[in-house]
Amino acid sequence: MSYVNVTGLARRFGGTTVFENVGFSLDKGEFVTLLGPSGCGKSTLLRCLAGLSRPDAGRIVVAGDDITDSVPQRRGIGMVFQNYALFPTMTVAANIGFGLRMQRLPADDIERKLATVIDLVELRGKESHYPHQLSGGQRQRVALARALVVEPRILLLDEPLSALDARIRANLREQIRDIQRRLDLTTLFVTHDQEEAMILSDRIFVMDKGKIVQADAAETVYTQPATEFVARFMGSCNLLDAAACTRLFGHGIDGHLAIRPESIELLAAAEAGADDLPATIRQHQLLGNVIRYQVESRGTVLLVDRLNRGRDDLLPRGSEVGLRIRREDMREVG
Amino acid sequence: MRADLYHRLVVAALVALLAVPVLATLAYSLAGNWGATILPDSFSVRWYLQLWHDPRFLSAFGHSLLISVATLLLSTLVIVPAVFVVFYRFPALDRTMNLLILLPFAVPPVVSSVGLLQLYADGPLPLVGTPWILIGCYFTIALPFMYRTLADSLRGMNLHDLMDAAHLLGASTPRAFLLVVAPNLRTGLMASLFLSFSFLLGEFVFANILVGTRYETLQVYLYSVRMTSGHFTSAIVMSYFVFTLVLTWFATRLGKQESQA
Ligand SMILES: Nc1ncnc2c1ncn2[C@@H]1O[C@H](COP(=O)(O)OP(=O)(O)O)[C@@H](O)[C@H]1O
Ligand SMILES: [Mg+2]
């Protein structure tokens with residue numbers, strides 16, 4: 001039995017269904033990312049878990065107790081919002097201590113817990129600052145500390161990093177993951193950034209139009225996408241329909257064939273064997289450490305990524321090449 | 001440079017224009033005797049002394065303060081929770097409220113006071129002639145100021161996320177409101193209270209028609225002594241002017257503080 005079990009969850013607004021029949025489970029201490037494009041229902045799902053939105057159907061069970069109808073105050077769920085939602089008229093210390101004061105803990109308990117959590121999120125010295133005096137990253141750490149200090153059973157984070165710039169985002173990402181491991185905290189992290197999801201997660205739930213279409217380890221989601229949507233959403237991907245498949249490989253397919261650009265090998269025309277595809281370079285794009293070629297083979301344009309090893313290595317437009325694709329790198333998706 | 005000079009001149013002229021009546025009133029209120037000369041013969045503060053020793057003035061001033069403060073207390077107790085409920089639970093009502101708060105402006109005071117006079121002259125609630133009717137009536141005057149300011153404060157903050165965060169940390173809705181939302185409204189509320197206060201202190205039509213001398217307010221008093229002495233009424237006007245000036249200054253200072261935060 002998992003720590004968190006969600007079954008048959010549905011949420012409708014008026015006539016429109018945001019999601020329906022959503023089910024998943026989380027293990028104790030697991031870090032799971034809910035990944036999906038904006039508007040697919042991630043926040044709504046999180047709000048249902050937190051009790052801020054009432055699901056129209058389904059059950060939510062945490063550690064054996066059914067919290068589907070509990071008020072948010074009694075769920076033991078902490079949440080971090082995208083826009084921080086810090087209390088503007090309270091200092092950092094007052095913000096973080098808010099939950100403890102609501103529990104009416106003795107003052108010295110509050111002091112002790114505050115000190116611990118402030119060290120944990122590295123905000124020592126900022127206790128008497130107000131939110132508007134802090135940077136975005138600091139604000140989000142206050143929000144994190146505020147959620148952590150009451151020792152929630154589950155931590156929910158709704159795109160906590162998307163308002164921050166890239167460098168701070170990377171730092172804070174590491175910090176969140178580190179703290180989560182130390183506290184062995186069951187965490188559901190919402191993002192629309194597939195890179196963030198892959199770096200952070202034990203597992204990724206990919207969500208599309210209100211459905212969790214795949215729930216697997218990051219590596220599996222990337223290499224074995226369950227659907228065309230997942231393949232497309234997790235980085236770039238060549239998706240071939242039946243006609244393209246027939247032209248390239250001589251046989252058709254139901255659905256699509258997904259091939260990652262980095263799994264296709266580019267060979268000089270002379271090295272290509274009978275099983276390799278003859279192709280012509282059409283264009284290239286410099287992505288930094290990778291060069292992305294657009295290569296045409298039998299009337300189909302494929303993306304091929306290759307490590308950037310310097311100027312001499314660049315294949316000019318119009319070059320004749322061979323493409324080698326291993327069977328196991330091709331994946332049929334629905 | 002020339003344009004700048006021009007702008008300064010225009011502003012200076014405007015200020016001078018607006019200041020002339022005030023300064024003239026001030027001079028007149030301080031003049032001992034001012035007949036056929038350009039400048040007064042003598043200066044004295046006797047008009048002020050006479051005014052501030054007049055028990056009728058003091059009681060009128062007291063009545064005005066009492067009615068205004070009571071009105072604003074009532075308004076705060078009713079409007080603050082109401083605006084919160086509108087924004088938190090029934091955001092669609094905001095449009096209706098915006099129309100509703102315009103009504104006191106849409107109907108001229110003379111007209112609505114006649115209506116109120118008929119309604120409350122007798123019957124179950126014979127309020128005419130008592131301060132109570134003024135408190136109720138002034139409530140409707142304060143409502144637009146307060147609703148607008150409070151609504152702006154609420155719109156400016158992230159009400160739903162703040163409430164959600166507070167709920168998740170264990171606060172009930174009333175506690176979340178008191179601890180998280182209300183402190184955000186404080187400066188806006190104070191500013192609108194000061195503004196309403198100076199407005200109410202200057203209200204004459206309702207006070208005169210609905211209550212008159214039965215519970216004399218400042219403006220009714222001023223009206224009734226208008227024939228006594230120009231120096232004396234000038235002293236009243238100046239006292240009142242300084243009082244509202246200080247209040248307005250407070251209100252704008254609070255407004256500034258809020259925009260800096
Ligand atoms: N309170 C609401 N009332 C009506 N529709 C809503 C409400 N909240 C969310 N929705 C709709 O639900 C869908 C999913 O929204 P959301 O959960 O915020 O998506 P995400 O977080 O994945 O971007 C959107 O189409 C949105 O318009
Ligand atoms: Mg969202």
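Residue numbers start from 1 in every chain, and the chains themselves are labelled A, B, ... in the order their sequence lines are given, proteins ahead of strands.
No more than 12 heavy-atom neighbours from other residues, nucleotides or ligands sit within 6.0 angstrom of CZ on Phe90(B). No more than 12 heavy atoms of other residues, nucleotides or ligands shown are found within 6.0 angstrom of OH on Tyr120(B). For NZ of Lys209(A), the number of neighbouring non-hydrogen atoms (other residues, nucleotides, ligands) closer than 6.0 Å is 12 at most. Residue-environment remark: CE (Met190(B)) stays at or below the threshold of 12 foreign heavy atoms within 6.0 Å. More than 12 heavy atoms of other residues, nucleotides or ligands sit less than 6.0 Å from atom CZ of Phe24(A). Under a cut-off of 6.0 angstrom, the local environment of CZ in Arg155(B) is crowded, with over 12 non-hydrogen atoms contributed by other residues, nucleotides or ligands. For Arg54(A), the CZ atom sits in a loose shell: 12 or fewer heavy atoms of surrounding residues, nucleotides or ligands are nearer than 6.0 Å.
Heavy atoms only, all atoms of each residue included: Met90(A) and Leu179(B) are closest at CE-O, 3.5 Å. The minimum heavy-atom distance linking Ala165(B) with Arg146(A) is given by the pair CB-NH2, 3.5 Å. Residues Leu162(B) and Ala85(A) come closest through the heavy atom pair CD2-O, 3.6 Å. The shortest non-hydrogen separation linking Ala171(B) to Met102(A) is CB-SD, 3.6 Å.
In this structure, chain B has no heavy atom under 4.5 Å from any part of Leu100(A). Interface residue Phe87(A): backbone and side-chain heavy atoms are both found under 4.5 Å from chain B.
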Check the pair Tyr84(A) / Asn158(B) against side-chain contact (heavy atoms from CB on, under 4.5 Å), numbers first and verdict last.
CA-CA 10 Å; Tyr84(A) 323 120; Asn158(B) 215 326; over 6 Å; no
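When each of Ile77(A), Leu52(A), Val80(A) is scored by its heavy-atom pairs under 4.5 Å with chain B, the top score falls to Leu52(A). When each of Val150(A), Leu86(A), Asn83(A) is checked for heavy-atom pairs under 4.5 Å with chain B, Asn83(A) comes out on top. Ranked by non-hydrogen atom pairs under 4.5 Å with chain B, the options Pro152(A), Gly99(A), Ala147(A) are led by Gly99(A).
Counting only heavy atoms from C-beta outward, the side chains of Val71(A) and His167(B) never approach each other to under 4.5 Å. Between Pro72(A) and Asp164(B) the shortest side-chain heavy-atom distance does not fall below 4.5 Å.
Atoms CE and CG, on Met79(A) and Leu169(B) in that order, are 11.5 Å from each other to the nearest 0.5 Å.
A donor-acceptor contact shorter than 3.5 Å is absent between the side chain of Gln73(A) and the backbone of Leu168(B).
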